[in-house]
Structures are given as C-alpha cells and as structure tokens.
Amino acid sequence: MAEAADIKGTVPSPARRWLRRTLTVAVGAPLLAGLLQAPVVTSPAVAAPSATTAEDATGSKTVDVSIDTLTPSSPAEGDTVTVKGTVTNRGKKAVTDASVELRVGPRMSSRSEIEQATRRTGYRDDSDPAPVQDGPTAKIPELGAGLGADFSLSVPVADLGLDEAGVYQLGVSLTGQTSDRPYPRVLGIERTFLPYQPEPTEKKTQLTYLWPLIASAHVSAETATDDQRTPVFEDDALVAELRPGGRLDQMVSLGRNLPVTWVIDPDLLATVDAMANGYRVKDGSLHVPGTNKELAERWLGELEKAVQGRKVVALPFADPDLASLAHHGKDVPGSLGHLQSATALAGVTVETVLHVQPSTDFAWPVEGAVDPSIVAVATSAGADKVIARSDSVRDDLSYTPTAARPLGNGSTTAVVSDALLSTAFEGDMVRAEGSTLAVQKFLSQSLAITLEQPEKQRSVVVAPQRMPTVAQAQTMATALHGLSGRRWSQPSDLVTAATAKPDPNASTTVPSGSRYPKKLRDQELQVQAFRDMKTTRDELNDFKVVLTFPDRVVTPFGNAISRETSTSWRGRTRAAAIYRGNVQDYLQRLTKGIQLVDKSDLTLSGRSATIPVTVQNKLVQGVDHLVLRLVSNNGNRLKINGERAAELPVKVGAGHSQSVKFDATAAVNGQVPVTAQLYTEDGTPYGKPMSFTVKVSEITPTVMLVIAGGVLLLVLAGVRMYTQRKRLAAQAAEAETAEPAGGAAETAEKAEEPEGAGPAEPGPEPGKNDTAGPEQPSDPTLDTAPESGDPSATGEKVDR
C-alpha cells in the first residue's frame, strides 16, 4: 500500500524521505569531489570540527526542549499521538518567529541504535530527520531569554508515515532566529522513541518484572524488660515510608495492580509486624513507646491482599550482601553459617506474616554482578538460582537470549536479567521529562527484543534497583501499564523464568573476579566488620549457655547480626559501624549484669574459716550452669576446700544475689592472694576475675595460755581493788564512832605540834577489830587476818 501511495503522487513517508536524503548525499559527494579535482589539505591547526562542536556551532542547544507527556506510549492503528512539553530559552538573546515541530526518523534496526540515539544531544542536520510534512506545529512569536512556554502537538498515527512495526525515533524541535543570526535554524531538540506494533506478534516475549520490597535496618538488638520482650527500634524513620504516599506504601499500592514477582526481604516484614504488635523507640538514653501501630497494621493488611495468588520470592533475612561475604567475610569463621540461618528464617517469616508460601532458593547479588566466589557463597546457604545481570554474564550474540541458563559446572541456574531494561529507571524520575523518556525507552527496548527473532519465543527478566524511590516506582508502573496490550510481550514470573529452556548459544561462563566492578567493590563491608560480628557471636555463645531462657536473647541478637550484613549498608559505612557498635555494647552490658561483687581483704584467725563470695544477677531472668572457682595463690599456706583451688555451682534468680561459701584452712601465718572467677560448665571463663587478699594469723596453745593468764591477773586485780575499798570504808566508819572520847585531846595535841616535825603516833586503823571501838553490826565478817597499816619491817612479806 505504501508503494501504491507513492505512485499516486502522495507525500512519501518520513522513512522514505530519510532514505532519499541519505542516497542523495552518498551519490552527490563523489560527483562533487570529481568536479572540483582539487586536493584538500587539512592543517593541524584547522582540524575538522567534532560532532559535538558541530552541534554547538549551530546553536541547537540554545533552547531546552522538554517532552513531558507522550500518549499513548505505544500507539496502535487509529490512535492519535499527543506530545506535550515545554521549551525554555537558555540563551542570552530573545528567540523570535519560533515554531515547535514533530520529527519522525526511520525505523531503528537494533537495540544498540536506540542507545546511541539516547546519548545524542544537539541537532545534527545529517543525522536528525526532517519535520513531519504537513504535521502539526506550535507557533511561539517570541521567547525571551530565560523564559519558557508550553506546547502541545497532536497527530494521527496514520500521518506519521510508520511503514511497519518497529521502534521509531520521535523528535520535537524548536526552529527560530535570534538578533545575531536573523535566519531560521534549529535552536533546540529533544528525542524520544515511539514503539509501534499495530498487530500482536505471533511469538511474544515472556517478560518477568521483579518488584522489590526492601528497606534498611531499623530494629536494634535491645528488647524491653516486659514479658512480651517488646523490640526497641533505633529510630522511627520507617514511618515515612509506610504512611500514605511513602515509598513502601506506593510500592504496595502500585504493585497490587501489576503483573510482577514480589521479591521481599523478610526483615522488613518482621519490622513492620513488630510495629503492629507494639514497639519502643530509642530517645537518647530512654525508650519511648512507638505510636504508629495502626499505620503498620494497615500496610501489612494491604500487602497481604496484594500478594495473594502471586509469586513471592523471599531473600535471606535482612538481605545479606553476598559480594561482601564472598570477598571479605568468608574467611572469618562463622560468617557463612549465619547466612544459612538467615536463609532458613526467610520462609518462616514470610509465611507467618503474609500467609503465603514463598520461594527461598534465589540469591540476588548487588546489581547482579557475579564472580566465582560470589556464586559459591550464594549457593552455600541452599540457593541454587542466582539472579545475575547481562552486563556481568555477557552474551556475545546479535540478539537477546533467554534469561535462564546453567552456570559454571551446571549445578547452579543463572537467571540473567537484562541490563538495559533493569537500569532504565535509575535516574531522576521526579521530572516529567526524565520519566517520559525512561518509559518510552523501556517500551522500545522490549519491542526491539521481540523483533530481533520474531519466530522464537524468549524469556526476559527485569531486576530493577533494590529500593526505588516513589517517582521511580511510579515510572516503572507506567511502563508496565504500557505493556498491558500484550502486543509483543506477556507477563511471566521468576519461578517460571528460571525453568525456561536455555538458549544453547547463551554464555554459561562465570566472569572472573578481576571483572567485578571496582565501584561496587569499594562499597563493600570490609574484613574488620566481619571480625566485629564474630566477636559479637562469640560473646553471645558464651552468654546464652548460662541463661534460663536463652531464646529471649539469642533471637534478637541473631537477627541483629544478620542486619549487620545487610546490602542496605552500601554507601553508608559510618552508619553500619555505629549499628554494629550498638549491638556489641548492649550485649556487653547484659553480660556484665552477672558479676562478682568486689570483696575487701580478709583476716583469717585460726586454722579454719569460711570465705563467702557473692554473685550478683541484674538480669530479668535467672542464670544457671555457672561455676565459681576460688584459687589460692599459695596452696601451702592456705587451702580452699582442702585443695589449692575449688569450684562450686552457681544458680541465681532474676534480680538477686547469691553468696557462695568456701571452707578455708590455714597452715602458716602470712598474706595469701586469692582469685575468684566465674566459668561456664564447659570451662569457658565468664566475665572478669576478682582478686582479694586473705591475711592468715594462726594462734598456738602457748599463746592462748599467755592470753588466759593475763586475763586472770586482770580479774584478780579487780577483786583486790574491790576488797581494799570495802575495808577502807569500814575503818572510816569505826573512826567516826570513837571521835567523841579522844577527839578533843588529839586535836589539841596536833595543834601544839610544831610544823615540820615527824609523824604523830598513828591511832587505830578504821575498821580494825580491837578495843578502841565497838564492832559495828553492819561490818562484814572478815575472812582474812587483819593487816597492819604500818610500814613493813625488813624481811617482811607484803601481800599486795
């Protein structure tokens, strides 16, 4: 019909016009060269202008042309194509007599040609097509410097001259003039692509699109002290993604209406489920109640509805970074073992929260980049399918092969996603211009894949970025809606794609480690990070064996260690280190909750005694399976329970202390250092040792007799003093009774005695039983002979 139209004198199609112009240039150039017959000498100083220079010289970048919408994105026969956008004058001079026009280029023959056209910017007269003849134009009389204007162009598909199915370059240009160049020329152009498939193809491409639900880590290793062990969040930032209009909210609301395979990180489900059941958030040194329980419940409810009857793939818990494990972590003991537990936890978590049975045998390295070590680590945890990407596993073919193929020795299936389709929406999709171009490019590339080998049906997988922004998710949804007509593709799922018959010509070689992108390697977790994780694991293993309810600690810490390996830490090295440090610090605070109470130095008197050592438990659960070892540093001087060292079992209730008593036996006086240390039942030291000194002071029988004799002498001295006081008191009473008879004469005699004379004759002693005075009835009967108060004579024994 197109040929008949040419015969009737109708306007040729843009494709034919483009072909005629090319032939004219190709044929005319040699003729012109033959006529001139003059050699052309190019001076190094006057070199031929480059393509970029040629574009700049025409002024084709003076005006920025933006295509904001193109509807329909993949037109069929009878449709009308409408293009809307804006033009902005970036120059310093006003543009006058401007018009905005549509340009349609010839059918593009390959996917690479689409990519080449994408990279072009300015207008090239020898490369860009002419405006659509008799096509629509938008007149702009004047466009001042820095000013913009909107445009809208509509044209029936029949007037675009699209000869056959394929991808066409569609351009919008502004032609005008400026005061310094007062002649019409193209001052700006924007290109996009128009996929045209009026009738469904016989063999449609099976297209699998992954829809990832992944987020960064927010849950700490801490739990509240209540019976529910309420989880404590590092922050409440996930709320912004869950609320209406947030990233995760948009992923669910958009994905429920799209033919996609859900790829879910179980940690995200566990996190939101914890929010729905009550959670707490760190606020400095405090933990405050979380306030977004209803928001979490709503999101989980919407997600559960969206995934019913769909294929769901569960990544290992917390989406571990397989490349970091392979390149830096596999040589640190225990790292791969934790990957296995994360894989085992994945299926249980998804099934518990969403009530669907997920597939857990897929591994997804970052950006699908693989090497032998990554494949080995990915499959070590039980996954036998690896989601790679075509810019890593490269096919040297003129067409796009089916995604699935055996990898390496054949025991692993590689599902190789298409790199161009997978990266189509990684740019800035906030601006309508970028979003529209990404959609058109995606649809055009998918049609080009089908038309590469229209007689063969192939399976293509698209694995986009792990955490798309809201704008990126909306753009992806728009592109998938553009395929809803199913004229050249039909939706499939990842499980089906993995079982598709491989193309015999597709590459099955695992790329070497040297080909792994440096940009990705620089973002990986380093060896020290995995060593920190091992330290935490070792401390956790020592801690859990002494607990009455170890699961209360093992589960939150095990999940936290899995989060430490998350892919989401890429590009966030400092945040990752802070998270690891918080986990380790909290575990150490818990382990220090079981400790020995410091003792002061002791003095041991005698040959034996009891030494008490107190064990304190500050935890909210009891501890058991501990032993306390007490060691004498000098077994000859001091023995513990008859030996140099002794052990006794320890069992302490929650929030209590226990005193453990040891029998000590001393042999020699002196100081003996003693060390107390807690151990687990397998002999592993627990906590720090405690040391104190025991001062041994052994007391012999002779020393005891001396002490007893001294005490007896003190008692006798006290009795003697008491007796003497009683006797003196009695004598004083007798003297008072005899004073009326001889008191006056005695007084006179004393008065006449000259000063300085010798002592007077002593009178009778008070209390003395003689004729000097009568015996008083109150005087006690003496049990000893009366003593003389006179000075003792020579050789007389004095009883004192």
Side-chain angles (χ1 to χ4, degrees), residues 599-612 637-639 659 661-672 674 692-800:
K599 289 184 68 64
S600 58
D601 294 343
L602 302 177
T603 299
L604 184 64
S605 299
R607 290 185 178 273
S608 62
T610 299
I611 299 178
R637 179 171 293 176
L638 180 69
K639 294 184 181 296
S659 181
K661 297 180 180 180
F662 294 86
D663 294 331
T665 304
V668 182
N669 292 345
Q671 293 185 346
V672 181
V674 176
F692 56 95
T693 300
V694 175
K695 183 179 180 181
V696 179
S697 179
E698 185 181 16
I699 304 177
T700 63
T702 302
V703 174
M704 292 295 293
L705 289 174
V706 172
I707 294 175
V711 172
L712 180 60
L713 290 174
L714 289 175
V715 173
L716 293 175
V719 171
R720 178 179 176 82
M721 291 177 63
Y722 175 78
T723 304
Q724 287 180 345
R725 287 179 180 177
K726 290 286 289 181
R727 190 164 46 244
L728 291 174
Q731 291 175 355
E734 291 177 358
E736 290 177 358
T737 304
E739 185 175 356
E746 182 179 355
T747 303
E749 182 180 355
K750 287 182 179 181
E752 293 177 357
E753 180 179 356
E755 185 177 357
E761 184 71 16
E765 294 181 6
K768 188 172 181 179
N769 190 14
D770 54 10
T771 57
E775 181 179 358
Q776 299 298 321
S778 62
D779 290 343
T781 304
L782 300 180
D783 58 355
T784 58
E787 295 181 337
S788 172
D790 298 335
S792 57
T794 303
E796 182 180 2
K797 181 179 179 182
V798 179
D799 185 12
R800 297 190 181 275

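Residue numbers start at 1 and run along the sequence shown.
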| query | Do you know the tightest heavy-atom contact between Ala666 and Val696? | reply | CB-CG1, 3.2 Å
| request: Give the minimum heavy-atom separation between Arg637 and Val672, together with the two atoms involved. | output: CD-CG2, 3.2 Å
| request: Answer yes or no: does atom NZ of Lys599 have more than 12 heavy-atom neighbours from other residues, nucleotides or ligands under 6.0 Å? | output: yes
| query | Looking at Asp601, Val694, Thr693, which hits side chain to side chain contact (heavy atoms under 4.5 Å, CB included) with Val674? | reply | Val694
| request: State the CD-CG distance between Gln671 and Leu602, to the nearest 0.5 angstrom. | output: 11.5 Å
